[in-house]
Amino acid sequence: MGAVVPAGGGEGAATAPAPQVPGQRAARPARPGAPVEAGARGRTAIPARVVEKIAVRTAAEQPGVRPLGGRGPFGGPEPARAQARLSGGTAVIRLTVALAYPVPLRSTTAELRARVAGRVEELTGMQVPRVDIDVAGLVRAGRVG
């Protein structure tokens, strides 16, 4: 029926079958050492919120990017804002950042665009054909948020 899991947690403890999840298909018995096809292993769904968090974290690590004026979810300065639209295996990202003043805007945003796209592709396996960047403000040296 289901997999056998320890009941009670000690060595030699009695075992009980794992509860059946409603709608779950019974596992096919596999031959030991036989490769399992990719479709039979299942699939991983990555929500847009995860892609957005990766983009924000990557932006915060970029030299020249400064915190936005607002407060983040944990009370600290908000490093950036991101919106991701997912379609199949692709993600289109819109990123809002503040940059240090003076920085070369074109090269800084081009580097940030490449870094965010690369990191999202590396961590999620999704293709990122476009990263739109909105520069919400320029922050003078010595000034935070």
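Residue indices begin at 1 and follow the sequence shown. Given the structure is predicted, the values throughout are model-derived calculations rather than measurements.
You'll find the side chain of Val51 stays beyond 4.5 Å of the side chain of Val128, heavy atoms only. Residues Thr90 and Met126 are not in side-chain contact: their nearest non-hydrogen atoms beyond the backbone lie 4.5 Å or more apart. With a 4.5 Å cut-off on side-chain heavy atoms, Leu99 and Leu105 count as touching. In this structure, the side chains of Ile93 and Asp132 stay at 4.5 Å or more apart for every pair of heavy atoms.
For residues 110-127, the set of pairs meeting the salt bridge (Lys or Arg N to Asp or Glu O under 4.0 Å) definition, not counting sequence neighbours, comprises Glu61-Arg119. The salt bridge (Lys or Arg N to Asp or Glu O under 4.0 Å) contacts involving residues 89-104 comprise Arg94-Asp134, where partners must be two or more places apart or lie in separate chains.
In terms of heavy-atom proximity, Ala98 sits nearest to Pro67 at CB-O, 3.9 Å. Taking each heavy atom of Val131 and Ala117 in turn, the nearest pair found is CG2-CB, 4.1 Å. In terms of heavy atoms, Pro79 sits closest to Val56 at CG-CG1, 3.6 Å. The minimum heavy-atom distance between Leu138 and Ala100, with the atom names listed, is CD2-O, 4.4 Å. Residues Ala59 and Val116 approach most closely at N-CG2, 4.5 Å, considering heavy atoms.
Val92 and Val50 fall into different hydrophobic clusters, defined by Ile, Leu, Val, Met, Phe, Trp and Tyr side-chain heavy atoms under 4.5 Å apart, directly or through other members.
A distance of 7.0 Å separates CD1 of Ile46 from CD1 of Ile54, quoted to the nearest 0.5 Å. Going from atom CZ of Arg49 over to atom CG of Leu86 covers 13.0 Å, rounded to the nearest 0.5 Å. Atoms NZ and CG, on Lys53 and Leu123 in that order, are 14.0 Å from each other to the nearest 0.5 Å.
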